[in-house]
Amino acid sequence: MDRIQLLKTVPIFTSLPTAELTHISSLLQEESFKKDDYLFFEGDPANWLYIVKMGKVRLVKYSSNGKDILLEVLFAGEMFGGVAIFDKDTYPASAQAMETVTVLKMTKKDFFEFIGKYPAMAVDTVVHLGKRLREAHNMMRSLAVERVEKRIAAILTRLAGKIGEPCDDGIKLDIHLTRQDIADMVGSTVETTIRTMSRFKKDGIVTSTEDGKILIKSLDRLNECVEEC
């Protein structure tokens, strides 16, 4: 996918004409990272808006007891760093490459110049950041009051919508997730996550593919668990 086609998939740029997307493309700097490299650390100055061009990036928050909390996994076409730019402060979490990653990044100065020039882009940005804020609120509520089974089911359902690949046996998640990754995403222990995933597997809801990825065999039953667990 070339830069223009990629930008057309980014929510804050969808209202812009191709000519302006071409201009934005010329301003973007491209940078690549190896697996486990950090794009930025929590507390670094928020000087850049990032877009994933290729690969997968995880956003990680470090708690006071040293435990990593996996906030989100980002894929091609997804934007991050925007909230921190609006705060004109520092990044609230660290961004780490889960595999070889290429990103496009725009300076804070260029971003705000486009926001001022195109009101529709400003509206799209507010809507996008509002959606991200709502998702963060829902995640915090889930961590505080909901059972682990529901939290894991919700994460798997969300990933199915983002990166699920339909196949004959169900929906395959196009990412290698360890039980530790899932535990970090839902604020649970590895042992509890293993038990929950084993229960889902026994009930015919999920299984593993030959290459070690998660296969959702029944999205309907997973959704039922989100509603009922």
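Everything quoted here is computed from the prediction, not taken from an experiment.
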Undergrad: If hydrophobic clusters are built by linking Ile, Leu, Val, Met, Phe, Trp and Tyr wherever their side-chain heavy atoms come under 4.5 Å apart, do Met197 and Ile163 end up in the same one?
TA: yes

Undergrad: Nearest 0.5 angstrom please: Gln29 CD to Lys105 NZ, how far?
TA: 5.5 Å

Undergrad: Would you say Ile182 and Val148 are hydrophobically clustered, going by side-chain heavy atoms of ILVMFWY under 4.5 Å?
TA: yes

Undergrad: What is the distance from atom NZ of Lys109 to atom CG of Asn47, rounded to the nearest 0.5 Å?
TA: 13.5 Å

Undergrad: I'd like to check Leu159 versus Ile214 (side-chain heavy atoms, cut-off strictly below 4.5 Å). Are they in contact?
TA: no

Undergrad: Please answer whether the main-chain N or O of Thr178 pairs with a side-chain N or O of Asp181 as donor and acceptor at a distance below 3.5 Å.
TA: yes

Undergrad: Atom CD1 of Ile171 and atom OG of Ser218: how far apart are they, to the nearest 0.5 Å?
TA: 9.5 Å

Undergrad: So which heavy atom on Asp124 is nearest to which on Ser15, and how close?
TA: OD2-OG, 2.9 Å

Undergrad: So, the side chain of Lys162 versus the backbone of Phe75: is there a donor-acceptor pair under 3.5 Å, distance only?
TA: no

Undergrad: Tell me whether Tyr38 shares a hydrophobic cluster with Val73, the cluster being built from Ile, Leu, Val, Met, Phe, Trp, Tyr side chains joined at under 4.5 Å.
TA: yes

Undergrad: Is there a donor-acceptor contact under 3.5 Å from the side chain of Lys61 to the main chain of Pro92?
TA: yes

Undergrad: Got Val123 and Pro119 here, is their nearest side-chain heavy-atom distance under 4.5 Å?
TA: no

Undergrad: Hey, is the main chain of Val206 close enough, under 3.5 Å, to the side chain of Lys201 for a donor-acceptor pair?
TA: no

Undergrad: Main chain of Thr192, side chain of Thr196: is a donor-acceptor contact present, judged purely on distance under 3.5 Å?
TA: yes

Undergrad: Any heavy-atom pair between the side chains of Ile51 and Leu7 that's under 4.5 Å?
TA: yes

Undergrad: Mind checking whether Phe200 and Lys217 have side chains closer than 4.5 Å, heavy atoms only?
TA: no

Undergrad: To the nearest 0.5 angstrom, please state how far the CG atom of Leu27 sits from the CE atom of Met106.
TA: 6.0 Å

Undergrad: Are the side chains of Arg58 and Glu72 in touch, meaning some heavy atoms are under 4.5 Å apart?
TA: no

Undergrad: Show the numbers, then the answer: is there a side-chain contact (heavy atoms from CB on, under 4.5 Å) between Lys172 and Asp211?
TA: CA-CA 11 Å; Lys172 183 173 74 171; Asp211 57 356; 4.1 Å; yes

Undergrad: May I ask whether Ile4 and Phe111 are part of the same hydrophobic cluster, defined by side-chain heavy atoms of I, L, V, M, F, W, Y residues being less than 4.5 angstrom apart, directly or through others?
TA: yes

Undergrad: Closest approach of Leu215 and Cys167, non-hydrogen atoms and distance?
TA: CD1-SG, 3.5 Å

Undergrad: Judged by atom type as modelled, is there a donor-acceptor pair below 3.5 Å linking the side chain of Arg3 to the main-chain atoms of Leu28?
TA: yes

Undergrad: Classify the ring geometry between Phe40 and Tyr50 as parallel (under 30°), tilted (30 to 60°) or perpendicular (over 60°).
TA: tilted

Undergrad: I would like to know whether Tyr91 and Trp48 meet side-chain contact (heavy atoms from CB on, under 4.5 Å); could you show each step before the answer?
TA: CA-CA 10 Å; Tyr91 293 114; Trp48 299 91; 3.7 Å; yes

Undergrad: List the steps, then state whether side-chain contact (heavy atoms from CB on, under 4.5 Å) holds for Gln96 with Asp36.
TA: CA-CA 6 Å; Gln96 185 180 28; Asp36 296 330; 4.0 Å; yes

Undergrad: Within a strict 4.5 Å, meaning less than it, do heavy atoms of the Met98 and Ile175 side chains meet?
TA: yes

Undergrad: Heavy atoms only: give me the nearest Leu39-Ala97 pair and the separation to one decimal.
TA: CD1-N, 3.8 Å

Undergrad: Which residues satisfy the side-chain hydrogen bond (donor to acceptor under 3.5 Å, both in side chains) test with Asp110, sequence neighbours excluded?
TA: Thr107

Undergrad: Nearest 0.5 Å please: distance from the NZ atom of Lys202 over to the OG1 atom of Thr207.
TA: 15.0 Å

Undergrad: Donor-acceptor pair, Lys108 side chain versus Ala46 backbone, under 3.5 Å?
TA: yes

Undergrad: Sub-3.5 Å donor-acceptor pair from the side chain of Ser94 to the main-chain atoms of Glu42, do we have one?
TA: yes

Undergrad: Is a donor on one side and an acceptor on the other found under 3.5 Å between the side chain of Arg199 and the backbone of Glu149?
TA: no

Undergrad: Any chance the side chains of Glu227 and Asn223 put a donor and an acceptor closer than 3.5 Å?
TA: no

Undergrad: Under a 4.5 Å side-chain heavy-atom rule over Ile, Leu, Val, Met, Phe, Trp and Tyr, are Met54 and Val103 clustered together?
TA: no

Undergrad: Give the minimum heavy-atom separation between Ala160 and Ile216, together with the two atoms involved.
TA: CB-CD1, 3.8 Å

Undergrad: Would you say Ile115 and Met121 make side-chain contact, with heavy atoms under 4.5 Å?
TA: yes

Undergrad: For residues Thr90 and Ala84, report the shortest heavy-atom separation together with the two atoms involved.
TA: O-CB, 3.6 Å

Undergrad: Salt bridge between Arg195 and Glu191, side-chain N to carboxylate O under 4.0 Å?
TA: no

Undergrad: Evaluate the side-chain contact (heavy atoms from CB on, under 4.5 Å) criterion for residues Leu156 and Ile205: first the C-alpha distance (whole Å), next the side-chain angles of each, then the deciding distance (0.1 Å), finally the verdict.
TA: CA-CA 11 Å; Leu156 296 179; Ile205 300 174; over 6 Å; no

Undergrad: With heavy-atom distances below 4.5 Å as the criterion, would you say the side chains of Leu104 and Glu30 are in contact?
TA: yes

Undergrad: So which atom in Thr14 and which in Pro11 form the shortest heavy-atom distance, rounded to 0.1 Å?
TA: OG1-O, 3.1 Å

Undergrad: So does Asp2 get a backbone contact from the side chain of Gln5, meaning a donor-acceptor N/O pair under 3.5 Å?
TA: no

Undergrad: In Å, rounded to the nearest 0.5 Å, how long is the span from CG of Leu21 to CD1 of Ile24?
TA: 5.5 Å

